[in-house]
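In what follows, a single structure is set out as structure tokens and then discussed.
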Amino acid sequence: MSINDQSDSEYFSSNPVQYRKRLDGQFYETQCEELALSLLGKVLVRHLDDGTIVRGRIVETESYLGHEDAASISYKGKVTPRNEPVFMKPGTAFVYMTYGMYHCFNISSKGDGASVFLRSIEPLDNLNAMASLRKQFKKSTKTVIANKDLCNGPAKLCISFAIDIKSCNKQDLTTWDRMWVEEDENSRLIDTIVCSPRIGIKCEKKWQDKFLRYYIRDNPCVSKIEKTKMKELKYSQIENIK
DNA sequence: GTAGTGATTGCCT
DNA sequence: GGCAATCACTACG
């Protein structure tokens, strides 16, 4: 099913919502690249201050490997007040500000300063609440936001899920009552994963070119489709997927 | 549809 | 003082 076959509203009204189980500490106790792959298809849940619960499927992630990785915030083992959460227990939220006005959301993994960066989410529940948050952030409210565009970027998903440093940084996603990730049967139905270089990083070429970005092929909510520098993996054949 | 550019702030050198 | 794991607006075709 793709956005080309159906209108934006038809696609999102047909998204099934099912009972799901919160992912535990054992799930996050995983090397960075495996966790980034395992998180694809899982469901991010967030309790907003007004009691609304928003949900969305994780469809695009990136790995930042830490010490060895020139694009990582903890490259060469550098520890600062800002990057502290990537050294904390796997499953800890790491939120930071970029370009002076946007937030980015990561989840710490196993490994030396390693974390998984969430780039895109497919909205599932309470899309109106997400749209409302996005509109508040914009200067002009003239343009309508399509459902597929609510969370199709790292800063957009932070706005739609009300993720900021003050409320979410350093929170433990295995125990916190305001945000967590859920298992979902549909993640087992993923057909193909696309691997590509990471977006928007500037560092030595060796690390810039590594295929550390992953997304669900044909999902309409992925932020950027890579046409050349990519390889495809059959999801069912990837090892160590949780 | 894409290309170019301004916004805006806290952290790190 | 430089700049960042980005986005939205404008212009143009």
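Reminder, nothing fancy here: chain letters follow the sequence lines and each chain counts from 1.
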Return the pairing partner of dA5(C) with a 3.5 Å limit on both distances, Watson-Crick or G-U wobble; otherwise return none.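 Because no pair has both required distances under 3.5 Å, dA5(C) counts as unpaired.
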Could you check, using the six-membered ring where one of them is a Trp, whether F87(A) and F94(A) have ring centers closer than 6.0 angstrom?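 Between F87(A) and F94(A), the centre distance exceeds or equals 6.0 Å.
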In this structure, is the centre-to-centre distance between the rings of H47(A) and W176(A) below 6.0 Å?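 That pair fails the under 6.0 Å test.
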Does [N] have its OP1 or OP2 closer than 4.0 Å to a side-chain nitrogen or oxygen of [X]?
X	N	value
R119(A)	dT6(C)	yes
R134(A)	dC7(C)	no
K202(A)	dA5(C)	no

A155(A) has a side chain; which of dC12(B), dT9(B), dC7(C) sits nearest to it?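 That would be dC7(C).
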Would you indicate which nucleotide in dA5(C), dC12(B), dT9(B) comes nearest to any side-chain atom of K78(A)?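 Minimum distance to the K78(A) side chain belongs to dC12(B).
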Are a donor atom and an acceptor atom from the side chains of N152(A) and K156(A) found within less than 3.5 Å of each other?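 Side-chain D/A pair, N152(A) to K156(A): present.
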Quickly work out the [X] [atom1] to [N] [atom2] distance and round it to whole Å.
X	N	atom1	atom2	result
Q208(A)	dA4(C)	CD	P	12 Å
I225(A)	dT2(B)	CD1	P	11 Å
M101(A)	dG6(B)	CE	C1'	8 Å
L150(A)	dC7(C)	CG	C1'	14 Å
I163(A)	dA5(C)	CD1	C1'	15 Å
F105(A)	dA4(C)	CZ	P	24 Å
N169(A)	dC11(B)	CG	P	11 Å
I145(A)	dC7(C)	CD1	P	12 Å

What I want to check is whether an N or O donor and acceptor connect the side chain of Y96(A) with the base of dA4(C) at under 3.5 Å.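 Looking at the base of dA4(C), it does not pair with any donor or acceptor on the side chain of Y96(A) (distance under 3.5 Å).
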For Y64(A), which contact category applies under a 4.0 Å heavy-atom criterion: base, sugar-phosphate, or nothing?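 Answer is base: heavy atoms of Y64(A) come under 4.0 Å of a base.
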Heavy atoms only, 4.0 Å cut-off, all strands: where does R198(A) land among base, sugar-phosphate and nothing?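 Nothing, no nucleic acid heavy atom in range.
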Could you check R178(A), R46(A), H103(A) and say which one makes a side-chain contact (heavy atoms from CB on, under 4.5 Å) with C168(A)?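 Exactly one candidate clears the test, R46(A).
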Do R55(A) and E182(A) meet the salt-bridge criterion of a basic N to acidic O distance under 4.0 Å?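 So E182(A) pairs with R55(A) through a salt bridge.
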Stacking check: are the rings of Y102(A) and dT6(C) less than 5.5 Å apart at their centres and under 30 degrees in tilt?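 Aromatic stack with dT6(C) absent for Y102(A).
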